[in-house]
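Single-structure report; data block below.
Protein chains get the first letters and strands the later ones, always in sequence-line order, with residue 1 at the start of each.
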Amino acid sequence: MSTNNESSVSHRTATSMRDLLCGELRSEHIGQVVRVCGWVARRREHGEHLAFVDLRDHTGIIQCVVDGSTDVRSEYVVQITGTVRPRPEGTLNDALDTGEVEIGDCRVEILSVAEPPPFGLEDRSEVDEQIRLRYRYLDLRRPRMQRNLRLRAAVNRALRSAMDRQGFVEVETPILWAPTPEGAREFTVPSRLHNGSFYVLPQSPQLAKQLLMVGGIDRYYQIARCMRDEDLRADRQFEFTQLDLEASFVTQEDVMAFVSEAVLDAAEVATGVRPGAIPQITWHEAMDRFGVDKPDLRVEIELTDLSALFAESEVRAFAAPVVKALKIPAGAAFTRSKLDALTDTAKALGAKGLAWFRVQDAGKLDSPLDRFLNEQEREGIVTATKAESGDLVLVVADEWRLSVEVLGALRAQLLSPPVGEGEARYVWVMDFPMFDGVDGAGNPISAHHPFTMPHPEDFELLKTDPLKARSQAYDLVLNGWELGSGSVRIHRPDLQSEVFSALGISEEEAEKRFGFLLGAFRHGAPPHAGFAFGIDRLVAIFTGADTIREVIAFPKTQSGTDLMTQAPSTISNSALLELGIRTITKES
RNA sequence: GGACCUGUGGUGCAGCCUGGAGUGCACGCCGCCCUGUCAAGGCGGAGGUCGCGGGUUCAAAUCCCGUCAGGUCCGCCA
């Protein structure tokens with residue numbers, strides 16, 4: 001974490017007001033008269049003849065010595081002029097990069113006074129996030145946020161450089177876009193010139209970038225803001241930033257190579273180490289082994305299949321197509337109420353129940369179900385999961401999808417460390433299903449989006465058994481977080497019609513929603529594919545943060561408010577009138 | 001829409017289970033002292049709607065109900 005922030009770009013730090021940055025001062029500057037500017041981090045008065053002022057800017061802290069008293073207080077903004085000199089023997093400070101020197105004979109000019117800050121601006125002072133967000137401009141002054149935002153800038157720089165090197169051209173797409181009722185809920189913008197009509201903020205530049213392919217751009221990328229009016233989470237804000245890209249005359253392998261190059265470059269810049277090639281697994285394998293489509297490969301333990309063991313079993317709870325097990329090391333110590341809570345979690349996810357077995361000495365099992373097991377089953381549970389004394393084995397018996405998903409959720413909840421901890425484990429997840437269940441009308445739901453190209457082997461399944469069809473869609477996953485996803489797009493109108501038909505979207509409906517895209521495709525669309533991944537998430541993991549708010553300068557709270565600006569807020573009646581908008585109060 | 005956690009001087013906490021004077025700790029703040037500190041040190045001081053409203057009780061930071069705010073998660077996020 002040291003190679004990144006000092007940017008490789010050399011730039012002029014001296015200005016008309018300062019000669020050097022606080023953190024830059026070293027022995028080589030001894031003897032020079034310098035001017036530095038910054039905030040007063042701390043003042044130490046020793047009577048009326050000696051005072052120390054620790055001056056801070058984004059590069060660090062330098063100790064300034066004043067021969068006399070000084071009336072500066074914490075966070076005053078000052079310009080200090082003095083002579084760089086070695087610290088007296090025995091007073092060097094190893095904790096500071098500048099600790100071998102100090103600025104002596106200082107003259108302090110106050111540029112701004114400051115109220116006492118509501119909280120300490122050192123990294124070590126822990127402050128509730130609510131307070132940090134209310135005074136975000138002070139929080140940003142702290143070293144951790146300075147580091148995070150500068151790391152983010154370095155990552156952006158690496159991404160741009162990688163895309164540029166690979167022949168991609170940066171194109172900006174509209175922020176004011178047309179409503180396309182499909183997918184994530186959009187933010188709506190009323191039109192002043194066309195009262196009663198609305199723009200929306202793009203949930204992603206998806207359609208725009210496909211039109212750029214029709215437009216012959218060949219390789220497009222953008223560091224793009226996306227807006228989705230959906231509920232917020234630790235890894236989700238209304239607004240987030242993606243590296244968005246699309247390329248023509250490519251296969252999914254080409255796109256994955258482009259993305260890998262960019263991500264590995266960014267990782268190298270951020271961590272100093274270039275990760276190895278990113279492994280690939282199929283969606284089915286991910287679900288079967290880890291129970292999720294975004295597996296955390298830092299966790300060694302996988303799901304164990306016990307279907308064969310219980311195929312002929314008398315145990316009625318395990319009479320199901322699939323029986324899956326998950327070992328929780330040292331889980332035998334879980335209390336009964338904890339196990340009950342886990343059972344509730346499993347049921348909330350759709351399981352009929354959750355069987356648990358505490359593994360005791362000599363392979364004995366402690367479980368309400370133990371008395372129903374025969375010796376072979378008892379042994380099988382322990383050997384198949386490689387459980388040892390003190391471990392816990394959780395078992396779910398149901399349809400395949402449900403069994404693996406329930407245990408996958410428990411695996412993530414019980415075994416995954418915080419996302420930013422430990423090594424970074426990337427994985428490509430391939431061959432997603434085309435459709436993910438059916439809607440109320442019995443029509444399949446697009447797993448990715450309706451322009452996703454089916455898997456070449458599964459074209460026929462579209463008509464015969466669409467829910468079994470795979471797509472050419474792929475996700476990039478890091479430590480259990482979905483970084484992003486992409487797909488090969490459909491560029492042939494006939495195939496697009498088939499997919500719309502499978503989705504239960506009529507020709508008229510398709511024309512109404514996506515007419516401009518379908519029209520473009522009738523004018524010569526190159527085969528194309530693309531990807532987009534979340535930069536907030538990537539940088540959060542690089543910094544070791546467990547929420548993307550730590551890498552966003554001005555994030556919103558979980559309820560979508562801004563504690564600093566008080567947004568969202570009402571607007572004047574005249575503003576509403578101009579927009580042709582009337583507000584209503586919802587009945588409670 | 002739902003579940004759970006949190007809310008006590010400026011900040012971070014303890015106190016709550018088991019009701020008894022807003023009682024305590026650390027940091028910060030203000031004043032005085034202090035010529036080599038660096039999370040300086042010494043002495044003194046100020047600072048409180050215990051998120052808000054209601055209820056129970058002789059008595060509520062503490063118990064109950066509601067509500068607001070923040071967080072984690074489910075739903076949602078093609």
Looking only at side-chain N and O atoms, does [X] come under 4.0 Å of OP1 or OP2 in [N]?
X	N	answer
R549(A)	rU72(B)	yes
R44(A)	rU35(B)	no
R134(A)	rA69(B)	no

Base, sugar-phosphate alone, or nothing: which one does S125(A) contact when heavy atoms must sit under 4.0 Å apart?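 Counting heavy atoms under 4.0 Å across all strands, no contact is made by S125(A).
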Just checking P88(A): base, sugar-phosphate only, or nothing, at a heavy-atom cut-off of under 4.0 Å? base
Pairs where residues 49-74 of chain A contributes a residue and the test ring-ring contact (aromatic ring centres under 6.0 Å, His included) is met, not counting sequence neighbours: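 Passing the test, one end in residues 49-74 of chain A: H46(A)-F52(A).
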May I have the distance from [X] (atom [atom1]) to [N] (atom [atom2]), rounded to whole angstrom?
X	N	atom1	atom2	value
E230(A)	rC74(B)	CD	C1'	14 Å
K347(A)	rC73(B)	NZ	C1'	20 Å
Q566(A)	rG70(B)	CD	P	10 Å
D123(A)	rA39(B)	CG	C1'	13 Å
L349(A)	rG75(B)	CG	P	7 Å
E126(A)	rA26(B)	CD	P	18 Å
E48(A)	rU35(B)	CD	P	8 Å
I62(A)	rU37(B)	CD1	P	17 Å

Please state the P separation for the pair rA21(B) and rG31(B) - nearest whole angstrom. 35 Å
Using the P atom on both, measure rU8(B) against rG53(B) and round to a whole Å. 15 Å
Selection from [options] that lies nearest to any side-chain heavy atom of [X]:
X	options	result
I131(A)	rG70(B), rG12(B), rU72(B)	rG12(B)
R87(A)	rC38(B), rG36(B), rC34(B)	rC38(B)
D231(A)	rU37(B), rG75(B), rC30(B)	rG75(B)
T547(A)	rU72(B), rG36(B), rC30(B)	rU72(B)

Ignoring hydrogens and angles, tell me if any N or O in the side chain of S471(A) forms a donor-acceptor pair with the backbone of F432(A) under 3.5 Å. yes
Whether E550(A) side chain and T547(A) backbone form a donor-acceptor pair below 3.5 Å: no
Test of understanding: with ring pair (Phe, Tyr, Trp, His ring centres under 6.0 Å), list the residues that count as partners of F238(A), not counting sequence neighbours.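 Partners of F238(A) by the ring pair (Phe, Tyr, Trp, His ring centres under 6.0 Å) criterion, ordered by chain and then number, come out as F187(A).
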Is there a Watson-Crick or G-U wobble partner for rG66(B) with both distances under 3.5 Å, and which nucleotide is it? rC52(B)
State the pairing partner of rA26(B); accept Watson-Crick or G-U wobble contacts with both distances under 3.5 Å, and report none otherwise.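 Here rA26(B) is engaged in a pair, and the nucleotide opposite it is rU11(B).
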What pair of heavy atoms forms the shortest contact from L20(A) to H29(A), and how long is it?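 Scanning both residues completely, I find the closest heavy atoms to be CD1-CD2, 3.8 Å.
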